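Each chain gets a letter, A, B and so on, in the order its sequence line appears, and its residues count up from 1. Just so you know, these numbers use all the heavy atoms, side chains as well, and skip hydrogens, waters and symmetry mates. Since the model is a prediction, treat every value here as computed from it, not as a measurement.
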There are 2 protein chains.
Amino acid sequence: MKLDSHEFRSRCSIARALEIIGDRWTLLVIRDLMWHGKDTFLALQGSEERIPANLLAQRLKRLEALGILRREAYQQRPVRYRYLLTEEGLSLEPVLLELMAWGHAKLEGGFYHPDTQRSVPAGTSGRNR
Amino acid sequence: MKLDSHEFRSRCSIARALEIIGDRWTLLVIRDLMWHGKDTFLALQGSEERIPANLLAQRLKRLEALGILRREAYQQRPVRYRYLLTEEGLSLEPVLLELMAWGHAKLEGGFYHPDTQRSVPAGTSGRNR
DNA sequence: GTCAGTCACTTTCGAATTGGAAGTGACTCG
DNA sequence: CGAGTCACTTCCAATTCGAAAGTGACTGAC
């Protein structure tokens, strides 16, 4: 069921977007795929937030069905997949950037620079409030 | 319990942000407060997405406790409150804007221009995929 | 005064999801 | 062969959701 066959409960773009990605695990998976080179089940499972395996499996399946990501086999015996964001998935990057900016400014979270792949650790900015 | 006393499960800004606003009702409430002049319980309840009253009450209470919004009485008998975003809440606007851009581009959602308060209805953009 | 309507919640309860842990099958390797 | 690894799946208690009904404090009409 791709994005174009999903029945939405609202005409509003934000509400629609949140129906697709409005839970925290989905965006965290997309973050890891987008920026951190984590593209296998085990790598995604190994993030700091420690997503439970059943939720990770369900999210990957769902995001694939929606066309946000796709998987491709990188070996055959046993078959193993890597997961890759589609253009729909990649185009969520500005959302991630703004979330990160807010989390950095208001919550003292760390800052990742996607272009240079560098991180500023959490807690290094003053509280801007 | 304000943002500065919340215990986070991750150092990552995005994960932290999602711990605060990573459910769909929260951001929809913030959207209505931010752009649509819906600042009373009844007005917020009347949005197209039809948030259930118990969830709305809980989200308002939680967001107030976190310092994302505040409430002020606009009448006394019976006492009635309006809800207003704090600076923390208002600074989520770029997140909303990017969500809207993605939802508009990929999901044919409508587009709202906050500066002019004008809306382009859902379904008016071609599918850019 | 009574009654119906309004509003801001609260409560109820079944359904759905989450989260943590254990389990399973298909491998690989010593 | 057995142990370890990986990608899930299953299980189950806890939590959250969603829809509807309930409640209390009003207001206004009769």
Side-chain angles (χ1 to χ4, degrees), chain A residues 1 6-10 15-16 18-30 32-33 36-66 69-84, chain B residues 1 6-10 12 15-16 18-30 32-33 37-66 69-84:
Chain A
M1 183 223 346
H6 186 87
E7 294 285 332
F8 291 102
R9 297 178 59 174
S10 174
R16 287 187 173 195
L18 292 172
E19 281 187 48
I20 305 296
I21 58 166
D23 77 284
R24 71 186 188 97
W25 290 122
T26 298
L27 279 169
L28 289 177
V29 169
I30 290 169
D32 284 348
L33 291 171
H36 298 318
K38 298 185 179 185
D39 60 356
T40 62
F41 196 95
L42 189 66
L44 288 161
Q45 214 175 5
S47 286
E48 186 176 6
E49 296 81 25
R50 300 169 45 123
I51 180 170
N54 57 337
L55 297 186
L56 177 57
Q58 193 267 345
R59 295 296 194 278
L60 289 171
K61 193 171 301 183
R62 181 171 173 273
L63 288 173
E64 187 184 4
L66 288 169
L69 61 81
R70 64 187 171 90
R71 66 181 186 170
E72 67 184 25
Y74 66 89
Q75 77 179 34
Q76 289 302 321
R77 285 182 58 84
V79 63
R80 296 265 188 253
Y81 300 103
R82 67 162 51 90
Y83 296 89
L84 300 157
Chain B
M1 181 223 345
H6 186 86
E7 295 286 333
F8 291 101
R9 296 178 59 173
S10 174
C12 166
R16 288 188 172 194
L18 292 173
E19 274 186 50
I20 305 297
I21 59 167
D23 77 284
R24 74 185 188 96
W25 290 122
T26 296
L27 279 168
L28 289 176
V29 169
I30 290 169
D32 284 348
L33 291 170
K38 298 185 176 185
D39 60 358
T40 63
F41 197 94
L42 189 67
L44 289 161
Q45 213 175 8
S47 285
E48 186 175 11
E49 295 81 25
R50 304 178 37 146
I51 180 171
N54 57 335
L55 296 186
L56 178 57
Q58 192 268 346
R59 294 297 192 281
L60 288 172
K61 191 172 298 183
R62 179 171 175 273
L63 288 172
E64 186 186 1
L66 288 169
L69 60 80
R70 62 187 171 91
R71 65 180 186 169
E72 67 185 21
Y74 65 87
Q75 78 180 36
Q76 288 302 322
R77 285 182 57 85
V79 63
R80 296 264 188 254
Y81 300 102
R82 70 164 47 94
Y83 297 89
L84 301 156

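Between atom CG of residue Asp32(B) and atom CG of residue Leu27(B) there is a gap of 11.0 Å, rounded to the nearest 0.5 Å. Atoms CG and CZ, on Leu84(A) and Arg71(A) in that order, are 12.0 Å from each other to the nearest 0.5 Å. Here the straight-line distance linking atom OH of Tyr83(A) with atom NZ of Lys61(A) works out to 9.0 Å at 0.5 Å rounding. The NE2 atom of His36(A) sits 10.0 Å away from atom CD of Glu48(A), with the distance rounded to the nearest 0.5 Å. For the atom pair OH (Tyr74(A)) and CG (Asp39(A)), the distance works out to 8.0 Å, reported to the nearest 0.5 Å. We find the CG-CZ distance between Leu28(B) and Arg50(B) to be 14.5 Å, quoted to the nearest 0.5 Å.
Across all non-hydrogen atoms, the minimal contact from Lys38(A) to Ser47(A) is NZ-OG, 3.1 Å.
Along DNA chain C, the nucleotide closest to Asn54(B) and the one closest to Gln58(A) are compared, and the more 5′ of them pairs with Asn54(B). Between Tyr81(B) and Ala53(A), the one whose closest nucleotide on DNA chain C sits nearer the 5' end is Tyr81(B).
Put simply, NZ on Lys61(B) is 8 Å from P on dC9(C), counting in whole angstrom units. Between Gln75(B) atom CD and dC9(C) atom P the separation is 12 Å, expressed in whole Å. At whole-Å resolution of the value, CG in Asp23(A) and C1' in dT18(C) are 11 Å apart. Distance CG (Leu55(B)) to P (dT11(C)): 15 Å, rounded to an integer number of Å. A straight line from CZ of Phe41(B) to C1' of dT6(C) spans 14 Å, rounded to a whole angstrom. Spacing between atom CZ of Arg77(A) and atom C1' of dA26(C) amounts to 9 Å, rounded to whole angstrom units.
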Output, in order, the C-alpha distance, side-chain angles, deciding distance and verdict of side-chain contact (heavy atoms from CB on, under 4.5 Å) for Ile51(A) and Leu44(A).
-> CA-CA 8 Å; Ile51(A) 180 170; Leu44(A) 288 161; 5.7 Å; no
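Taking every heavy atom of residues 44-52 of chain B and every atom of DNA chain D, pairs under 4.0 Å involve Pro52(B), by number.
From the 5' end on, the contacts that DNA chain D makes with chain A at under 4.0 Å to a non-hydrogen atom open and close at dC6(D) to dC11(D).
Judged by distance alone, with hydrogens and angles left aside, the side-chain atoms of Gln75(B) form a donor-acceptor pair with the main-chain N or O of Pro78(B) at under 3.5 Å.
Distances shown here put a side-chain N or O of Trp25(A) below 4.0 Å from the OP1 or OP2 atom of dG19(C).
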